[in-house]
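Working notes, structure below.
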Amino acid sequence: MFQLFLLAIALYWSSVQMKMFTFILRVEIEAVRMTLEKKHSNYSIPKRYIADAEKHFSANACLLPICCLYGAAVTTVEGVGSTKTRVHPVQERLAKCHGSQCGFCSPGMVMSIYTLLRNYPEPTPEQMTAALAGNLCRCTGYRPILDACKTFCKESICCQRKANGKCCYDQEDDLFDKEEKVSTRLFSADEFQPLDPTQELIFPPELMRMAENQPKRTLLFHGERMTWISPVSLDELLDLKVAHPKAPLVVGNTGVGPEMKFRGVFHPVVIAPARIPDLNVVKYMEDGLTLGAACSLSVVKDVLANAISEFPEEKTKVFCAVLQQLRTLGGEQIRNVASLGGNIISRKSTSDLNPILAASNCMLSLVSRGKKRQIPLSDIFAGDGSNTVTPEEILVSVHIPHSKKGEYVFAFRQAPRRENALPIANAGMRVLFEEGTDIIKDLSIFYGGAASTTVCAKQTCSALTGRHWNEQMLDEACRLILKEIAIPGSASGEKVDYKKTLIVSFFYRFFLEVLQSLNTTDPCHYPGIPMEYRSVLEDFKTKMPQSVQIYQDIEPNQSPQDPVGRPIMHQSGIKHATGEAVYIDDLPSVDGELFLSVVTSSRAHAKIISIDTSEALKVPGVFDIISAHDVPATNEFYYSDDPEIIFARNKVICVGQIVCAVVADSDVHSKQAAAKVKIEYEALEPVILTIEEAIKHNSFFEPKRKLEQGNVDQAFETVENITEGEIHIGGQEHFYMETQSVLAVPKGEDKEMDVYVSTQHPAFIQEMVAASLGVPANRIMCHVKRVGGAFGGKLLKSGLLASVAAVAANKTGKAVRLILSRGDDMLITGGRHPFIGKYKVGYMNDGRIRAVDVKYYINGGCTPDDSVLVASVSLLKMDNAYKIPHLRCWAYACKTNLPSNTAFRGFGFPQSALVTETWIAEVADKTGLSPEKVREINMYKEKEQTHFKQKLDPQNLIRCWNECMEKSAYYSRKTAADEFNKQNYWKKKGIAIVPMKFPFGLGTPYLSQAAALVHIYTDGSVLLTHGGIEMGQGIHTKMIQVASRELNIPMSRIHFCETSTTTVPNACASAGSAGTDVNGMAVKDACQTLLSRLQPIINKNPKGTWNEWIKEAFEQSVSLSATGYFRGYNDSMDWEKGEGQPFTYFLFGAACSEVEINCLTGDHKNLRTDIVMDVGCSINPAVDIGQIEGAFVQGIGLYTMEELKYSPEGVLCTRGPDQYKIPAVCDIPEQFSVSLLSSSQNPYAIYASKGIGEAGLFLGCSVFFALRDAITSVRNERGLKTSFVLNSPLTAEQIRASCADDFTEMVIESWGRESL
């Protein structure tokens, strides 16, 4: 399971064993095992140097084998601090800075920060961002986490750009009107306890003594199927290698671990050589640096950094190039355990180190029984195969040479994400010139990502030797490289043209780097490169973002006890940060509990001929196999014409459909057995995977939807211009941190069952489980404490998975736990719907859009789920912020053989509105007007009707637009970007501002009803429950705020336990941003009922205390329990007439984003974003701003980086964080401002607030259009056609292809367009 919890481990480097690391344990191995299995986490490792300085390292527990912890002192996140002992300053600040939403990633964040602070109590901002590069968060957008980090930094992060020393975000200038009563403080640093390094855990003295005094001995661990051997000498290692020739050598387990976990590779014997001194050597020599093969990449990084600071620049060019690659290779958690030798020996194409090490003439020291030798690393990749590492040889050390005079060495890479991502392509290049000339004496060019391993452009280097370093050489070199380096296609659909373009672009960058270096060395003879080219020599760096948050302050006369409108910390924030918050997999084991693993279809459309479970049943610990035959009642749920299916019965309709399941006594056993189930298929036709194929086969879910207003056909006859186009929008994985999780516990009588599940809709789980078991719903009790992220992905799919677990529990009579792995979760559950938008737009020369005819096709997958509803909402919200007089739009939900796609934050609006903004931008291109001008011309301006005849007042839309324009200083920055673009050829800036109208409502009255239950106990404490689900949006915190205001008591007296079908029946889903709106009304109703009962008692004793009133009420037999109810909104839509009022109210917003792109690679940097959002009167500004920022960053992922890839057979290839990249710290804007529109009222919701959870995601498209603006600048400069198509996600590959130049033309000429 991919989770981001971290631990802290101490590693001691004793004075006796200077050249090696020894893991020293201070707790029992079994205790460590339990902690690691509980959290599947990451952790940190302190190392003590001779000078008594302690060094801590973070590492991923899911990769670090338990056996290598022998001798290590393990401190988990619970050990750092807890509510039972002392909350550590890191935990406190993360919570109080609102850096926790769903909380599932919070322990990992804590441990990354904690580890850094143990090493550097006053770190720099750069160290902080580097420490978090290996952590992911799907909820917060990272800004509040970084705010917590900043409180520990010694250096100021203020830019201090102004002449008077004030920040560019100076609050007294252009950020807000001085007359407005606003606030910019979401937390008070005065409340924080200080960080005192003297109070931290010390390294256990007994472990120091053990390391220094006990003789080293071989460690041998025997498991159920495996043996782990850790030798202490090189001779012993060689003997083991002979005895176990197929046993892998494991140091960091970053290669073998994933192979075993994800590809089913099994090794009965593993040899761990990390404790051997010869493999940990660090030697400075006259000609370079020798590093042991077992040295971690972090050690290599530190050693190289020290060497660079101590040696002359001329000698350290190789060191610099290697160090540059190390900075972005994985995160710190990976680098701390991954070994130098493992990186080399694995020979993986994705190695960032092998190309540069090979190009730099690094030497490998090899040893086998009775033989030692040295070979150049380059021989492994560029030789004829005669001089390579043999199976019996062991890599002992690597020698990295000093660079020579006249030698230049550089390394390059491009990845889907700048940090913690495997490269798409990389390169290492070295040139040595004849002394005093620019004539090539020796040239080395190595590429990664181009083939199955690192490859050398050997023929190219040979042909260029003796040539001058000039333009003629460059042109020939690029053509030779393209001819020599063959890049095969891949089943995952990855286009090869991008890699081809990258390999020549890398060489061109190398060419420029060397020219500039020659100029630096001898400016008289070598003129260097033009000024407008120089910026491309600077890679994008991750900086600590500057941020500001502006919200309307509370009224001066508001009671200090009244929490509404205040930035209150998430009620579970501290528990999130201490790791004490309980999720499904944290629930204690039930006696006799079984673990369930699903067996899924490997075919997209096939008949099931047979299921052979014989081998699976032989696996130790296997209890039973569960299939459709074991479902007591309903296996197929008909919510429409096509069913939702628990277990496939006779045929499968997608890869990833659940066919059967295995229950066993452990998670490991169930997974082993599931892999042994053999299913025989007979192919069925057709296999429909794409929208285009669905259209061809007329494969759609019914009904199709249509809306029309005005006379579209006549309008097209009268307009001055017509443009037509098509945009493709890819899907998106929810990537919630807590995967789908269920614990089903039979109660043993009356067919009762407790179901603990991570879901947004407990009542629906109850309904489906009851139906599948054939029992009344009152026998099924569904419980939800909290959910580790959902975003729409834990509705129907959670019900099907809960039914799988419940059927197994029913059959076996035992508790069954089902926790999907990340890969299975992504394979099975589906995500956001891919879209194709086809549009025809009629407009006038002045930019007025008069007519639009648009069709939306969405890929619904194999079952209906919510696809028709998503298609319907897409039509209703497609106008975004624009009034189109004549409009016709259609929506089709395509039925395909992919896992059914489902609800996702925004529910169709982010896709249909992107189509709208695309034709807005195209009209701007065609008319020569700026995009913002076309947006303004067509924006709603007066009270009018939408295209489905609902009344709309756009006043706040205009306010948001104008304020965003002003706060972002749009026009001055647009001018500055234009000036930058004139002065820079290979880098361009772009800026865009996008408005948003987001309708709120669920379309049907009964879907927005809600209930609450409030108990007051005789001690005055209050227990609150309601039907809403806490999944990171802070709903419980807000509900306690509501109850606090209504009852006029402090929040501390109110407790929320869990959401359960036993307390609030028939609750609607927490979806559509409606949780606070509807449940808040219900809580308010319950509290007012209680207060009305108490009022006579209060009137009689107005000076009494709350406790006195409650005591008196009890004695007077006044009921102290009340239900609250909200009937829901009167939303409705008549699709026959094409009109109605499907929405309750509208949210408005605007976002301005600025980016910078690298035209050579397609990489980009998000420079600045300013958001203005109308949220009504915010109940909790900290929560609401966090929701806006988190949604916005998720939108950045949707529109610019998150890419799902399928094989031609319908298999999802991007099934985990290695292949599927969500935004990380490096992707958020360097300057990030969020302002809540002041003086906004909403009469339809609790306390005039607005549901804010979804709306901000669409604003991420401001980055998409800023990128489009930058690309437009490139194309205009190069004389390319102005009309061009950009699809979503707008990845580096697409950006690079759009910035056509000589290198892309070379690729086209050399290889043709067959791969496109």
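Values below: all heavy atoms of this structure, side chains included; hydrogens, waters and symmetry mates excluded.
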Nearest heavy atoms of [X] and [Y], plus distance in Å:
X	Y	answer
P488	A450	CD-O, 3.3 Å
A1300	T1304	CA-OG1, 3.4 Å
V536	K987	CA-CE, 4.0 Å
N420	G134	ND2-CA, 3.6 Å
R417	C1226	CG-SG, 3.9 Å
L502	Q414	CD1-CB, 4.0 Å

Does the [X] side chain pair with the main chain of [Y], one donor and one acceptor, at a distance under 3.5 Å?
X	Y	value
R1275	K1281	yes
Q1294	N1287	yes
S351	R347	no
N336	E332	yes
R335	L329	yes
S403	K315	yes
N1158	G1162	no
S349	S452	no
D442	V431	no
N984	F980	yes

Could you check whether any side-chain heavy atom of [X] comes within less than 4.5 Å of a side-chain heavy atom of [Y], counting everything from C-beta outward?
X	Y	value
I445	F506	no
T1200	T1291	no
I487	I485	yes

Would you please name every residue forming a salt bridge (Lys or Arg N to Asp or Glu O under 4.0 Å) with [X], sequence neighbours left out?
X	value
D1163	R418
K348	none
R479	D475, E1309
E407	R430

Taking E393 first and then R373, would you say they form a salt bridge - that is, a charged N and a carboxylate O separated by under 4.0 Å?
yes
Can you tell whether the side chains of R467 and E476 come within less than 4.0 Å, N to carboxylate O?
yes
Which donor-acceptor pairs under 3.5 Å do the side chains of residues 357-367 make with protein atoms, sequence neighbours left out?
residue	atom	partner	partner atom	Å
S360	OG	I356	O	2.6
S365	OG	Q374	NE2	3.1
S365	OG	S397	OG	3.4

How about [X] and [Y]: does a side-chain donor come under 3.5 Å of a side-chain acceptor?
X	Y	result
E484	T460	yes
E513	Y408	no
E419	T542	yes
N981	S1273	yes
R1296	S505	yes
D539	Q324	yes

Heavy atoms of other groups near D1302 CG, more than 12 under 6.0 Å:
no
Give a yes or no on whether E313 atom CD has more than 12 heavy-atom contacts from other residues, nucleotides or ligands under 6.0 Å away.
no
If you measure from [atom1] on [X] to [atom2] on [Y], what distance do you get to the nearest 0.5 Å?
X	Y	atom1	atom2	value
D352	T350	CG	OG1	8.0 Å
L289	N306	CG	CG	10.0 Å
L377	I344	CG	CD1	5.5 Å
L279	I276	CG	CD1	5.0 Å
K404	D287	NZ	CG	10.0 Å
L1290	I1295	CG	CD1	4.5 Å

F1303 and C478: side chain to side chain contact (heavy atoms under 4.5 Å, CB included), yes or no, with the steps?
CA-CA 8 Å; F1303 304 113; C478 292; 3.8 Å; yes
Go through the structure and list residues passing ring-ring contact (aromatic ring centres under 6.0 Å, His included) with [X], not counting sequence neighbours.
X	value
Y985	Y533
Y447	none
F262	none
F511	W469

Enumerate the residue pairs fulfilling side-chain hydrogen bond (donor to acceptor under 3.5 Å, both in side chains) with a member in residues 522-532, sequence neighbours excluded, ordered by first and then second residue.
D522-H525
Which class fits the ring pair F381 and F446: parallel under 30°, tilted 30 to 60°, perpendicular over 60°?
perpendicular
Within 45 degrees of the ring normal and closer than 6.0 Å to the centroid, is that where the cationic atom of K441 sits relative to F433?
no
Taking the six-membered ring of Y1220 as reference, does the cationic atom of K1205 (NZ for Lys, CZ for Arg) lie under 6.0 Å from its centre and within 45° of its axis?
no
Residue pair I529, N519: steps toward the side chain to side chain contact (heavy atoms under 4.5 Å, CB included) verdict:
CA-CA 8 Å; I529 64 176; N519 170 257; over 6 Å; no
State which residues pass side-chain hydrogen bond (donor to acceptor under 3.5 Å, both in side chains) with Q1219; sequence neighbours excluded, sorted by chain then number.
none
Residues two or more places apart in sequence or in another chain: which of them pass side-chain hydrogen bond (donor to acceptor under 3.5 Å, both in side chains) with E392?
T390
Within the 6.0 Å centroid threshold, strictly below: H402 and F319
yes
V265 vs H267, side chain to side chain contact (heavy atoms under 4.5 Å, CB included): CA-CA, chis, key distance, verdict
CA-CA 7 Å; V265 177; H267 299 288; 3.4 Å; yes
